[in-house]
There are 2 protein chains.
Amino acid sequence: MSLMEVNSLLSATKQAVDAYIVDRIHDRVAQATVVYPRYERLWREIARIYQAGGKRMRPYLTVVGYGALDAAIIPVAAVQELLHVAMLVHDDIIDRDVVRHSQPTVNGAYEADYAPLLPPQQTTHYANSVALLAGDALLSEAYHLVQSAPFSSSVIRQLSERLSQSVFEVIGGELIDVEAGFIMTEQFDPMTIYRYKTASYSLVGPLVSGALCAEVDETTRGILQEFGTQCGIAFQLQDDLIGMFGDEATTGKSADTDVREGKRTVLIAEHQTMMNDEQAARFAQWFGMRDAPGQVLRIEASGARQKTEATAQQYFAQARATLAKLQHGFRRNELEQFVDHLQGRRY
Amino acid sequence: MSLMEVNSLLSATKQAVDAYIVDRIHDRVAQATVVYPRYERLWREIARIYQAGGKRMRPYLTVVGYGALDAAIIPVAAVQELLHVAMLVHDDIIDRDVVRHSQPTVNGAYEADYAPLLPPQQTTHYANSVALLAGDALLSEAYHLVQSAPFSSSVIRQLSERLSQSVFEVIGGELIDVEAGFIMTEQFDPMTIYRYKTASYSLVGPLVSGALCAEVDETTRGILQEFGTQCGIAFQLQDDLIGMFGDEATTGKSADTDVREGKRTVLIAEHQTMMNDEQAARFAQWFGMRDAPGQVLRIEASGARQKTEATAQQYFAQARATLAKLQHGFRRNELEQFVDHLQGRRY
C-alpha cells in the first residue's frame, strides 16, 4: 500500500466502513419489521444516529494498524466504530445530552416522540429506556461482527479478547467520569479517566486489533499500545480545550458544558490547584451548576488553559518519540501524519 | 448420560455454571482494582447480583440441548445466564425496580449509596447510569465467553450468531413491553412480547445453543426451536398469573406490580375484552396508577384468570406435542420432565 494522506485514507476508510455497517443495520431494519413496526423504527434511529456524524478515526486506526485498506479488515474496523457509537448512545443518557452533531441523540429523538403521550418526568425515563436498548443493540452488533472477519480462529479469539478489554476499560473510565462529579475523593486522577475512557477503546483497541489481523510481532503491538495511550490522552486534553474555548458553532456544544456538568477535567483540576481558599470556596459553589457565567474566562485567566495546552503538547511529543521505535514505512509514517493531523485541530 | 431428575440436573448445572462464572467475575474484580477502587466495587456488585438468585433454568436447557453435562458445555451454558442477568440489570432500570430476590438491584444498591451525596432526583439518575454500565459489562462478558467454548470455529460462529439473534429479539420484546404501557395501538399483541421477550432468549436460545454444540441435525434443532417458543409462552403466562395471584412472600414482588406499571399482560388483555364501556372507562382511569386497590380481585372475578390459565395449559400441551416428534431418550425425556416441573409451579 502506497503512502496516502491522512485525509484521503480517512475518507476511503469511512466510505468502506459506512457502506458495510449501513448495509448490516438495514438488514436489521428489515428483520425488526417482522417483530413489531416500532422496532423497525428503533433500528431506523440506530441507522440515523450512526450516520449523524463521526470522522471514523477508529476504523482509520484499525486500517493503519493492519497495514492495508482491504475487504478483510473492514469488519474489524467496523467493530471499533460500532462500539464507539454504542458507548455514545449510553453516554448521552448519562450526560442527559439531547443533541449531538447538531442532531437529536437517540434519547433526544424519543423524548420528542413521547412528549405528547406522557407526563414530562415519564417522558425522559422512557426515552432513556429505549436509548438504553439501542445502545445494547449496537454493542451486540459490535461483538457479533468480530465473527464476520475472514481471519484464523486464533486471530478471531484475540480480537474478541481485545474488544472485551476495550469494553472493560471504557466502562471503568465512564464510571470514574460519572462519580468524579460527586464523589469527593483523591482516589481518581483525570489522567486515569483519559487512559481508560478515551485512549483504550478509541486508539489502543483499534490499532492493536488491526495489528492482530496482520499477525505482527508482540514488540510492535507493544509500541502501538504505548503510542495509543499517549496519543489518546493528548487527544482528550485537546478535546477538553476545544470544548471549553472552541467556537460553539464548530464544536456543536456549549462552551461551559463540562463546567455545568461538574466534569473534573485536567483543565479544571489545573484551575483548582491555582486557587486560594476563598477562590476554592467560590468554585465549589458554582461548579456543577446549570448557570456558571464567567467561569470560562476565569479558567483562562488562572493560567489553567496554558498549562493544559502544554501538557497536551507533551503527550503528543511522547507519542512521536514512541513512534520513532517503529521502522519508517506504513504505520510509522501514517501515524506520524495522524499526529500532525490531530495537533492541527483548531478551536 | 443417564436420565436425571430435573432437580438434580438443575442443581448440578447450577453448581458448575456458578463456579465458572463467579471465577471469571472475580478475575474482573481483580483487574478493576488496577483501574479505580470504585470500579472494583462495581464488579463486586456484579458478583453480588449474579449470586442473588436464579435457578439457572437457561444453563439447564443448554445442557439438555447439548445432551451432557460436561466441561465443554459450561461456557456456553454460562453465556445464556450472563445474557439473562445483563437483561435483568437493564430491565430493573426500565421498570424502576430497586429490589429483586429480596435484595437490592444494582440501581437500588447505588441509590442507597449515593443518597447522602446527591439531591434525590440526581440520585436516581446516577444510580441508573451506573447500573447501565453494569449491564453493559455483563453483556460484554456473555459475548466474550462464547470464545472460551472448546468447539470448532464453525460452531463458535453459529453460537455467536444465535446469541446475536437472542439479543436482537429480547431487545425487540423489551421495546414492545416498554411502549405497550403508553402507545395506544393495536399493532402489538402480548403474545408477541412473550415470544420475543421471554421465549427467544430464555428457552430457544439456550436449547438451540446446546444443540449446536452437539452438532445435531437441523430437524432436531427446528423441533427444539418450536418447543422453546411454545413452552416459553406458557412459562410467561404462568409467571404473570403467579405475579398477580401468587403469595407475595413467595414471589417477592407485590401482586399488583403489573397493574401499577401498566403492563398489558395477556391476563389484563383478557380482562379488558370482558368489560362493558363503563367498566372500560373505569379501568383506563386506574390502570398504570400507583394505587389500584381491589383490581386484582376484579381481574379474578371477570374470569380473566381462568381464561389465561387455560391458555397457558394449551401452550404447555402444544409444547408436549412438539416434544413427541423427538425420539425417547435424553432431550425428549428430560424436556418432558422439565414441562412437568414448570406446570407444577404453584402460586
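By the neighbour-count criterion of 12 heavy atoms within 6.0 Å, atom CZ of B/R44 is sparsely surrounded, having that number or fewer from other residues, nucleotides or ligands. Within a 6.0 Å radius of CZ in A/R195, no more than 12 heavy atoms belonging to other residues, nucleotides or ligands are found.
Between A/S129 atom OG and B/R96 atom CZ the span is 7.5 Å, to the nearest 0.5 Å. Residue B/I156 holds its CD1 atom at 6.0 Å from CZ of A/R157, rounded to the nearest 0.5 Å. Separation of atoms CG (B/L175) and OH (A/Y36) is listed at 6.0 Å; rounding is to 0.5 Å.
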- Message: Under the criterion side-chain contact (heavy atoms from CB on, under 4.5 Å), I'd like the reasoning laid out for A/I93 against B/N128: C-alpha separation, chi angles, the key distance, then a yes or no.
- Response: CA-CA 10 Å; A/I93 300 171; B/N128 284 349; over 6 Å; no
- Trace of the side-chain contact (heavy atoms from CB on, under 4.5 Å) decision for A/Y39 with B/I171: CA-CA 9 Å; A/Y39 194 31; B/I171 288 174; 3.7 Å; yes
- Task: Could you walk me through whether A/I94 and B/L133 pass the side-chain contact (heavy atoms from CB on, under 4.5 Å) test, one step at a time?
- Result: CA-CA 10 Å; A/I94 296 173; B/L133 296 175; 4.2 Å; yes
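For residues 112-122 of chain A, heavy-atom neighbours of chain B at less than 4.5 Å comprise A/Y114, A/L117, A/L118, A/Q121, A/Q122, sorted by residue number. Within residues 78-91 of chain B, the residues that have a heavy atom under 4.5 Å from a heavy atom of chain A are B/M87, B/H90, listed by number.
Between A/Q158 and B/Q147, every side-chain heavy-atom pair lies at or beyond the 4.5 Å cut-off.
Comparing A/E174, A/E161, A/E169 by heavy-atom pairs within less than 4.5 Å of chain B, the highest count is held by A/E161. The greatest number of non-hydrogen atom pairs below 4.5 Å with chain A, out of B/G173, B/A32, B/G135, is found for B/A32.
The two residues A/S140 and B/S164 have their closest heavy-atom pair at OG-CA, 4.2 Å. The heavy-atom pair separating A/V178 from B/Y126 by the smallest distance is CG1-CD2, 3.5 Å.
Contact of A/Y196 with chain B is made through the side chain alone, with heavy-atom distances under 4.5 Å. Looking at A/H125, the atoms closer than 4.5 Å to chain B (heavy atoms on both sides) all sit in the side chain, from C-beta outward. Only the side chain of A/L139 comes within less than 4.5 Å of a heavy atom of chain B; its backbone N, CA, C and O stay farther away. In this structure, the portion of A/L42 lying under 4.5 Å from any heavy atom of chain B is its side chain and not its backbone.
Of the N and O atoms on the side chains of A/Y143 and B/S160, not one donor lies less than 3.5 Å from an acceptor on the other residue.
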